[in-house]
Structure formats: C-alpha cells, structure tokens
Amino acid sequence: KDGSAGRAGRGFDRRRVSQKELMAFTSQLAIMSKAGIDIAGAIQSLARQCRNPAMKSTLEAVHQDILSGKSLSVAMKSHDRVFNGAYVASMAAGEASGRLPDVLERLAAMQRSEARQRSTRRALLAYPIVLSSVSGLVILALMFFVLPQFAGVFERFGMSLPAITEVLLTVSRELRSRWWLWIGLAAAAIFGLVAWRRSPAGRLAWDRMLVNAAMIRDVTRSLVTGRAFRLLGIMIDS
C-alpha cells in the first residue's frame, strides 16, 4: 500500500506545483514544527488541506515515506520536480543539526524574498512585452493587408518595387498561401523548445545563457550569486 501511494505521488510530480504553493507549504510547515508538531503529522495535515492535486499527492507520498522510516530529506528527494536539490540539501542540514524549524523559517523567508523579486521583474517586463506584442501585430497587419495594396498601386503605375518591399511581399504571399504549414511549424518549434528547455542539457544551456548573455549577465549573476550565498548561509548556520 505504501509503495503504491509513493508511486502515485511520483506520477503526479509531473504536474505543475507553483513556487507560491511551495512557499506557502514551507511557511506553514515552519509554523507547525515551531509549535512542536511532529513532521509526519504536520505534512499529513498540510496534505489534507492542499487543493492542488499535484502538491497533495506529493505530500501524501512524502508522508508515507516518513512513516516507513525515511528521513524528510530522503522522502523529498524522490520528488525533484517539486523539491529541488537546494531545498532538499537545506532539509538535510536542518535534520543533521536538529534545527529543522529554524531552517524552514529561513527558507520561507528566502522564498518570500524571491517571490517579491519575481513580482518586480514581471512588472518591469510587462511594458516591453506588451510593446513587442503590439509591434508584432502591427507588422503582421502591414504584411498581410497594407503591403499588398501598395503593390497594386505600384503595378498600376508601372513602377518597380523596392527590393525590401519585394522581399516582404514574397514572404507575405507565402504566409497567406500556406498559413497552415507555417502555423504547424511554429507550433512544433515552440513544443520542441519547451521540451528541450525541460531536459537536463536544455536547462544547463539555458542557465549558461542567462549567466553569460551580454545585456543581462550583470543582473542575473548578482541574483544567482545572492541566492547561492543565502542558501549557503542557511546550511552553515545549521
């Protein structure tokens, strides 16, 4: 029974658990452990209250693993789509030092700080994303509706089109004539990019790009370095 529950929980790990839900779980577990509730009972209680099926099944599997004799960090390590390596290492440090409630409290504080940073980044990126989207729609409208009209005007007057306009018209005619093909290729490219991004090699390449890209590396290196030292501080303090 315990093994089947664990396998069920690991199957649900592939569904999404947001950082906000993980932050809420860490904060609540910190409060309950500070109040003297044992970890197994606290996780069981949080699983019962959880509304996200992915998080609920994960917590139920972790609870079953703890009851079978595993430590919290070992039980969480089986669900790396929810609890990443740094999170599990912090749990192991807290267990080894006997200061798990303090580690949970510091982890929750760090997650709240990161959530504020993400909110700030989204607010800063909202305007350029909207502007880029509107610009893209305007360019598509020009290519599909405006440029063909200009081509007719040029043809009536017997004038040759500029080279750039001719290229854009050729692209426009191709997109309009075989839109189904290009939409399918775009969807396949997006799907392939997402799948590659989730693979170990894709994550490594993406992280390397974020850290080394010329225009953003000063910001990303500061953020990554700060997070690494905060995690290191939590584990050393434990």
Side-chain angles (χ1 to χ4, degrees), residues 11-24 51-55 80-82 84 111-227:
F12 273 108
D13 283 354
R14 294 184 180 277
R15 300 176 62 179
R16 181 171 177 79
V17 174
S18 68
Q19 292 298 315
K20 184 177 181 181
E21 289 169 328
L22 184 59
M23 178 184 69
R51 296 182 178 180
N52 184 337
M55 189 67 176
D80 56 353
R81 289 182 178 271
V82 179
N84 60 32
Q111 289 174 333
R112 285 192 292 269
S113 175
E114 290 179 346
R116 286 193 295 270
Q117 289 179 359
R118 284 194 298 269
S119 178
T120 301
R121 288 198 298 270
R122 286 177 184 146
L124 291 173
L125 290 173
Y127 177 73
I129 288 175
V130 171
L131 187 62
S132 300
S133 302
V134 172
S135 301
L137 291 174
V138 169
I139 291 172
L140 288 175
L142 287 172
M143 291 181 64
F144 278 89
F145 303 107
V146 178
L147 279 177
Q149 300 297 326
F150 274 99
V153 173
F154 274 85
E155 288 177 1
R156 283 197 299 270
F157 284 96
M159 300 173 62
S160 60
L161 293 170
I164 296 178
T165 307
E166 187 66 45
V167 170
L168 290 175
L169 280 172
T170 302
V171 173
S172 175
R173 283 193 293 266
E174 175 65 23
L175 291 176
R176 285 187 298 168
S177 63
R178 292 193 289 185
W179 57 268
W180 48 270
L181 173 63
W182 295 106
I183 289 178
L185 288 175
I190 293 172
F191 178 80
L193 182 63
V194 171
W196 171 80
R197 171 69 180 81
R198 291 179 176 176
S199 67
R203 287 197 299 268
L204 181 61
W206 181 263
D207 290 344
R208 185 180 290 116
M209 184 274 294
L210 289 177
V211 172
N212 295 317
M215 296 183 66
I216 61 173
R217 63 187 176 193
D218 291 341
V219 175
T220 54
R221 286 178 179 178
S222 298
L223 291 172
V224 171
T225 303
R227 186 175 189 274

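This structure is a prediction, so every number in the text was calculated from the model and none was measured.
- Remark: the backbone N or O of Ser222 is not paired with any side-chain donor or acceptor of Thr225 at under 3.5 angstrom.
- Annotation: the span from Lys20 atom NZ to Gln111 atom CD amounts to 13.5 Å, rounded to 0.5 Å.
- A salt bridge is defined here as a Lys NZ or Arg NE, NH1 or NH2 lying under 4.0 Å from an Asp or Glu carboxylate O, and Glu166 with Arg173 meets this definition.
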Between Val219 and Leu223, is a side chain to side chain contact (heavy atoms under 4.5 Å, CB included) present by the stated rule, with each step listed?
-> CA-CA 6 Å; Val219 175; Leu223 291 172; 4.0 Å; yes
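- Atom CG of Leu193 sits about 11.0 Å away from atom CZ of Arg198, to the nearest 0.5 Å.
- Note that CZ of Arg121 and CD of Glu114 are 8.5 Å apart. Values are rounded to the nearest 0.5 Å.
- When every heavy atom of Val211 is checked against every heavy atom of Thr220, the shortest pair comes out as CA-OG1, 3.7 Å.
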Go through the steps to decide whether Trp182 and Leu185 satisfy the test side chain to side chain contact (heavy atoms under 4.5 Å, CB included), and finish with yes or no.
-> CA-CA 5 Å; Trp182 295 106; Leu185 288 175; 3.9 Å; yes
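- Residue Ile139 holds its CD1 atom at 9.5 Å from CG of Leu168, rounded to the nearest 0.5 Å.
- The two residues Trp206 and Trp196 come nearest to each other via the heavy atoms N-CH2, 4.5 Å.
- Separation of atoms CG (Leu125) and OG1 (Thr120) is listed at 10.5 Å; rounding is to 0.5 Å.
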I would like to know whether Arg217 and Leu210 meet side chain to side chain contact (heavy atoms under 4.5 Å, CB included); could you show each step before the answer?
-> CA-CA 6 Å; Arg217 63 187 176 193; Leu210 289 177; over 6 Å; no
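- Minimum heavy-atom separation, Glu174 to Ser177: O-OG, 3.1 Å.
- The shortest heavy-atom contact between Arg197 and Arg203 is O-CG, 3.1 Å.
- Applying the 6.0 Å contact sphere to CG of Leu131 captures more than 12 heavy atoms from other residues, nucleotides or ligands.
- Atom OG of Ser199 and atom CG of Leu204 lie 9.5 Å apart (nearest 0.5 Å).
- A 6.0 Å sphere centred on CZ of Arg176 holds more than 12 heavy atoms belonging to other residues, nucleotides or ligands.
- Here the closest non-hydrogen pair linking Leu22 and Met55 is CD1-CE, 4.3 Å.
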